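Report on one structure; see the data block that follows.
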Amino acid sequence: MEIDWNLFWQKDRFTVIANFPKALKDFPFSHSYVIDEKYQIHETVKDFLKQECHCSDEKIISALGMVHFSYGKDLFLDVLTSVETRKVRLIFSLLKGEKNLVLEHFFEELIFEEREYFKRLFRNFMYKKGMQLILLENNMNFVCETVKDFFLYTKNRFVHKDDFYDEEIYQYVEMPYTISLVKYFESCGHKIDHDVTFSETLKAIYRGVS
Amino acid sequence: MKYHFRLENFDLKINERVLFEHFSMKLSCSCVFVGESGSGKTLFLKTIETQKCYDTNGTVLFVFPKLTSLKNWKEELDFGNLSPQLQEFCIAFFQNHQRIKSKCDLVKKLFQFPQYLFCDDCHFSLDEILCLLSFCKENHIILCYFTNDIEVIPGFPYVFLLKYGKVVMEGETLLVLKEEKVLKKLGYHLPFYPNMSTQLQYYGLVKKLVFSKEELEEELWK
């Protein structure tokens, strides 16, 4: 599948694409082909990055610290978890000097603290380094807390969506808790404003009840 | 017959990183281990499976999800030959057409009716977990589920929380979820419904922690 990512780059804000198929190998960001081949080789993270990116030990250690993976420098590539592999791919792309990244399900399996940390880190990349980021994400709880609009990938096309209450979306991805809760309250006959994020929904419920 | 499962003074290290140190547990009900990626969940399961370092008089099975895809779960599970009770469970459990391969792997082990079933993260939703737990309860199976998804906690009666390569918190689910500040310090947030009800308690709209939208509706408009 050929995709022209240039259509989606946006300055100073994330572009999110939901329901995009996983494990494509031709992303500008992931360079998964490089790491997947290297998986066959019993090599440490530090040695791999040193060879591929031609960087000093200090730079690699600092980059690993930035993605909260300092403990991983001496781990072998073939024992990394999926989250750790994504972190190594990210460092790989950053050390290679890539400016535009497509992050494939990067936030999946991260705990709350790490999700918030990486959102802040990526926003810094955008605002301070002029980088542009596309997030491929299926977790709509994350999406609705992060952006106001997104693209839904369906039937080989990208459909722009800015209404999280649009039923069509949930034929393809799971409904976020906030939307599900408001819809449930409505089905019980209560009127609640159609808000999207957790804090907005909390206030909407407060208004609806009182 | 009364079954027991005990693990005592279990140690696990990888590259000098201590993941578990003198860890002991007794299983008397289903439980969930929640930990971030790299906290040693899978390694823990694989180690206790291979080393059999536990003491039990029951059957213990392990499930590790694979990333392969599968479309037809009915064919895979020979659905037509299952008893009506098992068919009913399958229909409910496979309602959502995602994670079918993991579900099939799990169901195959489940239908062997072990006393203890250890399951590595299959990324099940809370509804799927509730369906699974209800089946386990009816059939006296103790499920021990490992995940990084805090949202599934409310389904389980008992929780172990992993952080910095250690079990940092464990206890009955309700008691753990009441420790909002401690959970935050550990990098976790409360699951959605307990979180929403906790916040609504600050507004004086709700009096207790709730685990579902139905309970929340009842609390708000009773």
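Fair warning: this is a prediction, and the values are worked out from it, not measured in the lab. Chain letters run A, B, ... following the sequence lines, proteins first and then strands; every chain starts at 1.
Other residues, nucleotides and ligands contribute more than 12 heavy atoms inside 6.0 Å of the NZ atom of B/K109. Within a 6.0 Å sphere centred on CD of B/Q95, heavy atoms belonging to other residues, nucleotides or ligands number 12 at most. Within 6.0 Å of atom CD in B/E218, 12 or fewer heavy atoms from other residues, nucleotides or ligands are found, so the atom counts as exposed in its surroundings. For NZ of A/K161, the number of neighbouring non-hydrogen atoms (other residues, nucleotides, ligands) closer than 6.0 Å is greater than 12. A 6.0 Å sphere centred on NZ of A/K155 holds no more than 12 heavy atoms belonging to other residues, nucleotides or ligands. Applying the 6.0 Å contact sphere to NZ of A/K119 captures more than 12 heavy atoms from other residues, nucleotides or ligands. Enclosure of atom CD in B/E88 is not indicated, since only 12 or fewer non-hydrogen atoms of other residues, nucleotides or ligands lie within 6.0 angstrom. The 12-atom threshold is not exceeded at CD of B/E75, counting heavy atoms of other residues, nucleotides or ligands nearer than 6.0 Å.
A 4.5 Å side-chain heavy-atom check between B/H189 and A/R115 finds at least one atom pair inside the cut-off. Considering only heavy atoms from C-beta on, B/F192 stays 4.5 Å or farther from A/N141 through its side chain. Put simply, the side chain of A/Y177 reaches to within 4.5 Å of the side chain of B/E151, judged on heavy atoms. Residues B/E36 and A/L110 are not in side-chain contact: their nearest non-hydrogen atoms beyond the backbone lie 4.5 Å or more apart.
Neither the backbone nor the side chain of A/E116 comes within contact range of chain B, judged by heavy atoms closer than 4.5 Å. With a threshold of 4.5 angstrom between heavy atoms, B/L205 approaches chain A through side-chain atoms but not through N, CA, C or O. If you measure heavy-atom distances from A/T178 to chain B, the contacts under 4.5 Å come from both the backbone and the side chain. Proximity to chain B involves both the backbone and the side chain of A/F198, based on heavy atoms less than 4.5 angstrom apart. With a 4.5 angstrom heavy-atom cutoff, A/E108 does not touch chain B via any of its atoms.
When A/E84, A/E114, A/E109, A/E174 are compared by the number of non-hydrogen pairs under 4.5 Å with chain B, A/E109 comes out ahead. With chain A as partner, the option from B/N195, B/T147, B/T42 having the largest number of non-hydrogen pairs under 4.5 angstrom is B/N195. In terms of heavy-atom pairs under 4.5 Å with chain B, the best-connected choice from A/Y71, A/Y206, A/Y184, A/Y117 is A/Y184.
For the atom pair A/N139 CG and B/D149 CG, the distance stands at 8.5 Å (nearest 0.5 Å).
Nearest approach of A/I111 to B/L186, heavy atoms of both residues: CD1-O, 4.4 Å. The minimum heavy-atom distance linking B/K213 with A/F185 is given by the pair O-CE2, 4.1 Å. Smallest separation of non-hydrogen atoms from A/S180 and B/Y193: OG-OH, 4.2 Å.
A/H190 and B/E217 share a side-chain donor-acceptor pair at under 3.5 Å.
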